[in-house]
Amino acid sequence: MKFRNLLVLSLFSSMLLLLSCQINRGKKKEIIAEYSEPYRPLIHFSPPSKWMNDPNGLVFFEGEYHLFYQYYPESMIWGPMHWGHAVSTDLVHWQHLPIALYPDSLGYIFSGSALVDYNNTSGLGKPDKPAMIAIFCYHSPVLEKAGKDNFQTQGMAYSLDKGRTWTKYAGNPIVPNPGLRDFRDPKVSWNAETNKWIMALAAGNCIQFYSSTDLKKWAFESEFGKNLGAHGGVWECPDLIKMVVNNSKKESKWVLLVSMNPGGPNGGSATQYFTGNFDGHHFMSDNEKTRWIDYGKDNYAGVTFSGIPENDGRCISIGWMSNWQYATSVPTKPWRSAMTFPRQLNLEKGRDEYNIISNPIDEIEQLREIKITLNPFIASGNKDLTKEVPFGLSPIEIIADFSLPQTGFANEFGFELTNSKGENIIVGYSNQTNKFKIDRLNSGKNDFSKDFSGIQYSGELKPEKIISMHIIIDLASIELFGQSGRVAMTDIFFPNEVFNCLRAYCKGGSVKCDRVTIYKLNNIWDSIINKQKSGIPE
């Protein structure tokens, strides 16, 4: 009898072990599958599943870059907003963390920012543990449904364990609504000149500034922008940054980023910027011309990291790689949306204005696995480069310089990606218009939105003899940085078959390719996949 019981117990234990192995094996397959679906970005951040939009709370603290983001864990379309959370030690490889902030009785958790209160101005930290502070917009669906205009207020939460767990501030909301339907997206930074925290807040068709000494009580300072810039839609997601002018150790300017939806230069969502001065109370623009961070369709709500160490000193930005015209209907599953590759923003002084230039962060070099350098060549018509790139086209990085001959130079030139189905995406430059362009008219799936298919153009540039292109290509996105970053363009696409052919193209004349360097880039999720294959927990 005793032996029989032991035998039954042993069999039962074996069955449980087998069942556990099957469940774990199934989970591993699911996790591995999450990073290999069609259109899943290989070098851009994306959530494991469900809906994502704006980046929030970008902050560096104790060796980690924190990326919070607008997240709805129950569906692949927008819904009650949470703050998703991921961290990275290099801005390239990301570790997914549990949801940071959940909706509560005051509302959904809309966009905002994060900072580290090193001097404990809020009193929420401890002597050996400075508080990480998240300041965000509360959106009350109850008040909105009741027809009230004050359904958006600003709230605060804090963490004492590097952002792993959060406590909502008991005195929320910290900034009540003055009666505006659009009153959101607080970006908070420390102003050393006034020894106060400054909040830039989107308020309808302008930006309002508030100040505080303790992050709890806020005083209105001023507003900016009602008669400046583009006003084709609602202003959102501001960011106020002090930037050192390139090649100048002393000169600096204030830059105000303002996202807007709709009304972008090529339709839908986009981000404009202003340069000027900020005295701790008022922002004064030094240029009335509308300028855009990115002329593509798919870089929105971008903001910069706070807390970057002084010995680094970079201004690093991440944007949402989509557009509200079609974000909820793009053909991806079980997730929607990705972020742009992190970019370093610099300020360049022109003859009569200051301009932002954007380039991929240097950390992209960590992803470079194979380098191909082509000999200079003259392009007239199409030149097939596919055989020169034996490792495929996703993901890759292309760095190229084109020079124009004295006479007979091309009307247009650049690169074209194609597949056997005849689909293509084109990135090029026109000498006739002095503009860069991305053409996704025939890039694959586009019937999910009437606003998706099309050609995007940059602003007009001054004619130059050397045209440079720095291009990052992922499975379903292309990012162009032209003329050393003076032009940025970002577009997503959804081919029915992976693009596997690369051509240099030229229309009407010829152009010399002085330099074409192509890098194969590694999949940023490989380490997670390999750990799951080997049974090591993430």
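Note that these values count all heavy atoms, side chains included, but never hydrogens, waters or copies made by symmetry. A quick note: this is a predicted structure, and the numbers were derived from the prediction, not measured. Residue numbers count from 1 along this sequence.
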Judged by modelled atom types alone, do Ser337 and Trp320 share a side-chain donor-acceptor pair under 3.5 Å?
-> yes

Phe224 and ring pair (Phe, Tyr, Trp, His ring centres under 6.0 Å): which partner among Trp254, Phe274, Phe278?
-> Phe274

Qualifying residue, where the test is side chain to side chain donor-acceptor pair (under 3.5 Å) with Trp197 and the options are Thr213, Asn191, Thr121 | Thr121

Would you name the heavy atoms of Leu367 and Ile43 that are closest together and state the gap between them?
-> CD1-CG2, 3.9 Å

Quick one: do Lys196 and Asp214 make a salt bridge, cutoff under 4.0 Å?
-> no

Show the numbers, then the answer: is there a side-chain hydrogen bond (donor to acceptor under 3.5 Å, both in side chains) between Arg291 and Thr275?
-> CA-CA 10 Å; Arg291 291 173 291 175; Thr275 57; 3.0 Å; yes

Should Ile356 and Ile293 count as side-chain neighbours, where that means a heavy-atom distance under 4.5 Å?
-> yes

Is there a donor-acceptor contact under 3.5 Å linking the side chains of Asn56 and Trp83?
-> yes

Short question: side chain of Lys148, backbone of Arg181 - any donor-acceptor pair under 3.5 Å?
-> no

Less than 4.0 Å between a side-chain N and a carboxylate O, is that true for Arg184 and Asp182?
-> yes

What one should report as the nearest heavy-atom pair of Lys253 and Leu347 is CB-CD2, 3.5 Å

4.5 Å side-chain heavy-atom contact, Ile471 and Phe481 = no

Could you tell me the separation between the CE atom of Met52 and the OG atom of Ser46, rounded to the nearest 0.5 Å?
-> 6.5 Å

Electrostatic pair Lys371:Glu397 at N-O distance under 4.0 angstrom | no

CG (Asn119) with more than 12 external heavy atoms under 6.0 Å = no

Using the ring of each side chain (for Trp, its six-membered ring), is Trp78 parallel, tilted or perpendicular to Tyr108, with breaks at 30° and 60°?
-> perpendicular

Do Tyr354 and Glu251 meet the criterion of a side-chain donor-acceptor pair at a distance under 3.5 Å?
-> yes

Tell me, do Tyr71 and Lys50 make a side-chain contact under 4.5 Å, heavy atoms counted?
-> yes

Single hit among Asp298, Asn299, Asp294 for side chain to side chain donor-acceptor pair (under 3.5 Å) with Thr490 = Asp294

Ser306 and Ala114: which non-hydrogen atoms are nearest, and at how many Å?
-> OG-O, 2.9 Å

Side chains of Tyr210 and Gln208: donor-acceptor distance under 3.5 Å anywhere?
-> yes

Cut-off 3.5 Å, side chains only: do Glu365 and Tyr519 have a donor facing an acceptor?
-> no

Where do Asp239 and Tyr273 land on the side-chain hydrogen bond (donor to acceptor under 3.5 Å, both in side chains) test, with the steps shown first?
-> CA-CA 9 Å; Asp239 195 355; Tyr273 71 93; over 6 Å; no

Is Thr340 reaching over with its side chain to a backbone N or O of Gly319, donor-acceptor style, under 3.5 angstrom?
-> yes

salt_bridge(Glu64, Arg164) N-O dist < 4.0 Å = yes

Classify the side-chain pair Ser358/Arg486 by whether it contains a donor and acceptor separated by less than 3.5 Å.
-> no

Assess whether ring pair (Phe, Tyr, Trp, His ring centres under 6.0 Å) is satisfied between Trp525 and Tyr35, documenting all intermediate values.
-> CA-CA 7 Å; Trp525 306 113; Tyr35 296 94; 4.9 Å; yes

Exam field: side chain Gln152 to backbone Cys137, donor-acceptor pair closer than 3.5 Å | no

Taking Trp218 for the side chain and Pro176 for the main chain, is one N or O donor matched with an acceptor at less than 3.5 Å?
-> no

His281 ring center near Phe220 ring center (under 6.0 Å) | no

Are Lys297 and Asp491 ion-paired here, with the side-chain N under 4.0 Å from a carboxylate O?
-> no

Under the salt bridge (charged side-chain N to carboxylate O under 4.0 Å, His left out) rule, what do Arg314 and Asp312 come out as? Steps first, then yes or no, please.
-> CA-CA 6 Å; Arg314 291 179 295 172; Asp312 182 326; 2.9 Å; yes

Verdict with supporting geometry, Phe493 and Phe452, ring pair (Phe, Tyr, Trp, His ring centres under 6.0 Å) | CA-CA 9 Å; Phe493 51 82; Phe452 186 80; 8.9 Å; no

Hey, what do you get for CD1 (Ile472) to CD1 (Ile396), rounding to the nearest 0.5 Å?
-> 11.0 Å

Do any pairs count as a ring pair (Phe, Tyr, Trp, His ring centres under 6.0 Å) and have a residue in residues 154-173, sequence neighbours left out, and if so which ones?
-> Phe68-Trp166

After noting the C-alpha distance and the side-chain angles of Ser122 and Asp117, does the key distance pass the side-chain hydrogen bond (donor to acceptor under 3.5 Å, both in side chains) rule?
-> CA-CA 7 Å; Ser122 64; Asp117 187 12; 2.7 Å; yes

Interatomic distance, Phe283 atom CZ to Ile207 atom CD1 [nearest 0.5 angstrom] = 10.5 Å

Phe61/His66 under ring pair (Phe, Tyr, Trp, His ring centres under 6.0 Å): CA gap, chis, key distance, verdict = CA-CA 8 Å; Phe61 181 51; His66 291 258; 7.2 Å; no

Test item: side-chain donor near acceptor, Ser211 and Glu221, under 3.5 Å | yes

Which atom names give the shortest non-hydrogen contact between Pro238 and Ala200, and what distance separates them?
-> CG-O, 3.5 Å

Do side-chain atoms of Gln70 reach the backbone of Ile109 as a donor and acceptor pair under 3.5 angstrom?
-> yes

Just do the side-chain hydrogen bond (donor to acceptor under 3.5 Å, both in side chains) check on Glu74 and His82 with the steps written out, would you?
-> CA-CA 10 Å; Glu74 302 299 327; His82 302 54; over 6 Å; no

So do Ser477 and Met321 actually touch side chain to side chain, heavy atoms under 4.5 Å?
-> yes

Taking the side chain from Asn120 and the backbone from Leu124, do they hold a donor-acceptor pair closer than 3.5 Å?
-> yes

Does the side chain of His85 pick up a donor-acceptor pair with the side chain of Gln95 at under 3.5 Å?
-> no

Contacts of Asp474 that satisfy salt bridge (Lys or Arg N to Asp or Glu O under 4.0 Å) - sequence neighbours left out = none

Taking every non-hydrogen atom, the tightest pair across Ser111 and Pro186 = O-CD, 3.4 Å

Any donor and acceptor pair, going by atom type alone, linking the side chain of Ser269 with main-chain N or O of Pro262 inside 3.5 Å?
-> no

Using a 4.5 Å cut-off on heavy atoms from C-beta on, say whether the side chain of Gln344 contacts that of Cys315.
-> no

How far apart are the closest heavy atoms of Asp90 and Gln366, and which atoms are they?
-> OD2-OE1, 3.0 Å

Could you walk me through whether Tyr65 and Phe305 pass ring pair (Phe, Tyr, Trp, His ring centres under 6.0 Å), step by step?
-> CA-CA 8 Å; Tyr65 297 91; Phe305 278 89; 5.6 Å; yes

For Val175, does its backbone N or O pair with a side-chain atom of Thr153 as donor and acceptor, under 3.5 Å?
-> no

